[in-house]
Amino acid sequence: MKNYLQELNSEQQKAVLHIDGPLIVIAGAGSGKTRVITCRIANMLNNKISAYNILALTFTNKAAKEMRNRIDQITQPYKAASLWMGTFHSMFAKILRIESNRFNYPSNFTIYDTEDSKSLVKSIIKELELDKEIYKPNVVRNRISSLKNHFIKSKDYNQRPELTQTDKIAKRDDFGRIYQIYEKRCQKSSALDFDDLLLKTYELFEENPDILLKYQEKFKYILIDEYQDTNFVQYLIIKKLAALYENICVVGDDAQSIYSFRGANIQNILNFKTDYPDFKEYKLEQNYRSTANIVNAANSVIKNNEKQIYKEVWTKNENGEKIIIIKTNSDSEEGRLVANTIDEIKTKIQTDNSDFAILYRTNAQSRAIEESLRRKNINYKIYGGLSFYQRKEIKDLLAYFRLTVNINDEESLKRIINYPSRGIGTTTIQKLNLAANKYDVSIWETLSNIDKYEIKINKGTREKLSNFQILINNFINNSKTKDAYEVAEDITKSTGIYGLLNNDKSPEGITRFENIQELLNAIKNFTNSSGNNLNLLSDFIEDVALLTDQDQENEEDFNKVTLMTIHAAKGLEFKYVFVVGMEENLFPSILSNESQESLEEERRLFYVAITRAEKRLFLSYANTRFKWGQYIDTDPSRFLLEIDERFTEKKETEAKNHYKIFPKRKTTFQPKQKKINSRLKKINLSKLEVSGKQVFDLNVGTKVKHSIFGIGKVMKIDGENQNQKAIIFFNDHGQKQLLLKFAKLEIIK
DNA sequence: ACCTCAAACATTTTT
DNA sequence: TGTTTGAGGT
């Protein structure tokens, strides 16, 4: 266990070995930051500090999971088990559930995601009969969120003229009212939104010194990763938690601060030094990740920012190849070029798809890229955009689960009270809602006591409401004694959702049905996971809102090209990186033209993009881009001019002389089906292809070869057609159950 | 109450 | 361009 230290440079070692007292580590891109953090925690554990006393805050749940695994590898496995490691949001949600009785919420509170809070804002605006042109739900929601991130509640807001003034000028005089009602409705629904998870934690500590002391004593050691992206409320909470022992270690890089739109504040790094005057500071400046060309190019870009902490990132790595800057004529040509280049590299050098990443500024850009990858048969996976848990069919089902666990959850109730349709229409819901607001009770309460709240509803509808009530009550009763899977399966079937989706044989319908099954499988795994304990639905549903699709790793996602926004790529690295859409008004974004500050943030974002690359970096832009149904002329990004030319090589695509002839968009190569998300469409096509070819030839005893697991033998085949599964025993990987339509199996004679 | 279709609308980045 | 909304018919 001692030898892990030898692999570290002297500055890294210092950061690992310095355990007590305030410590700030400025870690340049690719400087082995994750390694330092994991070694540091491992070292603490090996030095008789109990994992129970450590709080480690990361930026994503995935990062936490990976670090935990690595720590397990360098200490004894059980040691890290009681370590509190995760995102601010998930760790604080955990505390809030434990201490719920102290802040007037039940422990089974619901977490509203962005969509939920937006929908709540929308209904409030509607109820107040405000003009939704002036009160745009998104704008209002963002403003509420931003106020919360600055620790300003509606009560405070109304007392601050400079804030109310801003909204008066924008003709949103009633904003304060909306905010106030929003708070009240969340409370009534026993729901917390993302920002509340932080806000309420702070309040909890502020108002209950005994609880604060409890956690100060528990978390004797606090470690925060990506410190440059913490916001004001997070800063306040940490300051409180660390006040007793001041064993706080923050790790970050001001040059990679890219979340100020979410309230992140680089100022926190500077505050650290005044808050803990006897701090120690280490700078990790040696880059181990990228070639010298890439490191130097990144440096030449970031030096254009005025606001930054001085540091010199350098590397011993070889120069490597130059960064390629490519000019193309259109976004579709850009896509084709990326796909071709990947193909080329793969034929020259032995590389996996997973060594490639394509990064972009906005999610919408993924489309053109997808199309070209698909045509070249290059497997890819899109992160972000519509994540699994945000799909309609999943959210519908989750709404039933959420309502079963927390009957006050208004957003869930509204979502499913008439899905699948059971004859309870908008007028009925409006009546219930009106009464609920009048008597200050939940909608569930009003629909359970129609007469008590003097609601005029005819006999037929009453019966429908009563049936709905019985249905949900059944779920609630079951959920107390049965495990999560049993309840979930019952809900899926007895609501009719299962039958409804199973009958829809359109491609998108099939995908939806599969997604539902995938969710049920996830719940099954969850119930099987922890021994003999009864795993309740409420346990499963707890933090689903906090999951992103990076958290769910699928076996099929192995060896695929990664497509994601630059924001999502933070902390990751790839051998080959393509940054597409290097155009003015796209990157930097048109919205960042207003201020120097936001332009500098865009530049940091570009810095992050460049420094993701290990071996090679390709930057591309298109002269015309298809947007909102028409072609728009674009200019190359100013950032391209900022890169020192010594490190770049410029290229153009061959079609440069095809003057003003725009490539035709082919929408013809696929039969035009109604409205199908092209992403869903793609997945389906590939599945059908594979299943049609291979499914029927498999028998028990057949020898097969799998792209990842190697050679194995079919032990058992289950299910029919689309859902056929095989249990296969692989020589090197043991027994696996595979869905045949996914598994790429080759039959060996 | 529900279904269908056409017009209007919309694009930063996310826990 | 894809998605959401609202009007109008059943």
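Chain letters run A, B, ... following the sequence lines, proteins first and then strands; every chain starts at 1. All values derive from a computational prediction rather than experimental measurement.
Nucleic acid contact class of A/S421 (heavy atoms, under 4.0 Å, all strands): sugar-phosphate only. Nucleic acid contact class of A/T114 (heavy atoms, under 4.0 Å, all strands): base. A/D195 comes within 4.0 angstrom of no nucleic acid atom, judged by non-hydrogen atoms across all strands.
Here the separation of B/dT13 from C/dT4, taken at their P atoms, is 15 Å to the nearest Å. With C1' as the reference atom, B/dT11 and C/dG6 are 23 Å apart, rounded to whole Å.
The side chain of A/K570 contributes no N or O atom lying less than 4.0 Å from OP1 or OP2 of B/dT15. When the side-chain nitrogen and oxygen atoms of A/N418 are compared with OP1 and OP2 of B/dC2, one or more of them lie within a distance under 4.0 Å. Look at A/N363 and you'll find a side-chain N or O under 4.0 angstrom from OP1 or OP2 of B/dT13.
In this structure, the CD1 atom of A/I590 is 15 Å from the P atom of B/dA10, given to the nearest Å. In this structure, the OH atom of A/Y607 is 20 Å from the C1' atom of B/dT13, given to the nearest Å. One atom, CG of A/N142, and another, C1' of B/dT15, lie 14 Å apart when rounded to the nearest Å. Put simply, CD1 on A/I457 is 9 Å from P on B/dA1, counting in whole angstrom units. Taking atom CZ of residue A/R361 and atom P of nucleotide B/dT14, one finds them 9 Å apart after rounding to whole Å. Distance, A/I237 CD1 to B/dT15 P: 18 Å, rounded to whole Å. Atom CD1 of A/I382 and atom P of B/dT13 are 13 Å apart (whole Å). A straight line from CG of A/N138 to P of B/dT14 spans 14 Å, rounded to a whole angstrom.
Among the nucleotides B/dA1, B/dT13, B/dT11, the one closest to the side chain of A/W628 is B/dT11. Proximity note for A/E602 (side chain, C-beta onward) versus B/dT14, C/dT1, B/dT12: the nearest is B/dT12. The nucleotide whose nearest atom lies closest to any side-chain atom of A/F626 is, among B/dA10, C/dT1, C/dG2, C/dT1. The A/T428 side chain lies nearest to B/dA1 when the options are C/dG2, B/dA1, B/dC2. Closest to the A/H89 side chain, of the nucleotides B/dT15, B/dA10, B/dT13, is B/dT15. Checking B/dT12, C/dT5, B/dT15 against every side-chain atom of A/K122, the shortest atom distance belongs to C/dT5. Closest to the side chain of A/A364, out of B/dT11, B/dT13, C/dT1, is B/dT11. Comparing B/dT15, B/dT13, B/dA1 against the side chain of A/F194 picks out B/dT15 as the nearest. Of the candidate nucleotides B/dT15, B/dC2, B/dT12, B/dT15 has the atom lying nearest to any side-chain atom of A/T87.
Between the side chains of A/D193 and A/S117, not a single donor N or O lies within less than 3.5 Å of an accepting N or O. A side-chain N or O of A/T87 and one of A/S90 form a donor-acceptor pair less than 3.5 Å apart. For A/Q390 and A/D113, the side-chain atoms include no donor-acceptor pair closer than 3.5 Å. No side-chain donor-acceptor contact under 3.5 Å links A/E333 and A/S330. A/E183 and A/Q187 form no side-chain donor-acceptor contact under 3.5 Å, judged by distance and modelled atom types alone.
The side-chain ring of A/Y259 is not stacked on the base of B/dT13, judged by centre separation under 5.5 angstrom and plane angle under 30 degrees.
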Before giving the answer on ring-ring contact (aromatic ring centres under 6.0 Å, His included), spell out for A/F587 and A/F606 the whole-Å C-alpha distance, their side-chain angles and the decisive distance to 0.1 Å.
-> CA-CA 8 Å; A/F587 192 22; A/F606 185 42; 5.8 Å; yes
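Projected onto DNA chain B by closest heavy-atom contact, A/T461 and A/L605 fall at different nucleotides, the more 5' of which corresponds to A/T461. Sequence order on DNA chain B of the closest nucleotides to A/I424 and A/S90 puts A/I424 first from the 5' end.
Cation-pi contact between A/K392 and A/Y419: present, with separation from the ring centre below 6.0 Å and deviation from the ring axis of at most 45°. Under the 6.0 Å distance and 45° angle rule, A/K570 counts as a cation-pi partner of A/F59.
In this structure, A/F540 has its ring center at least 6.0 angstrom away from the ring center of A/F401.
Taken together, the paired segments of DNA chain C that extend over three or more consecutive Watson-Crick or G-U pairs, each closer than 3.5 Å at both contacts, are B:1-10 with C:1-10.
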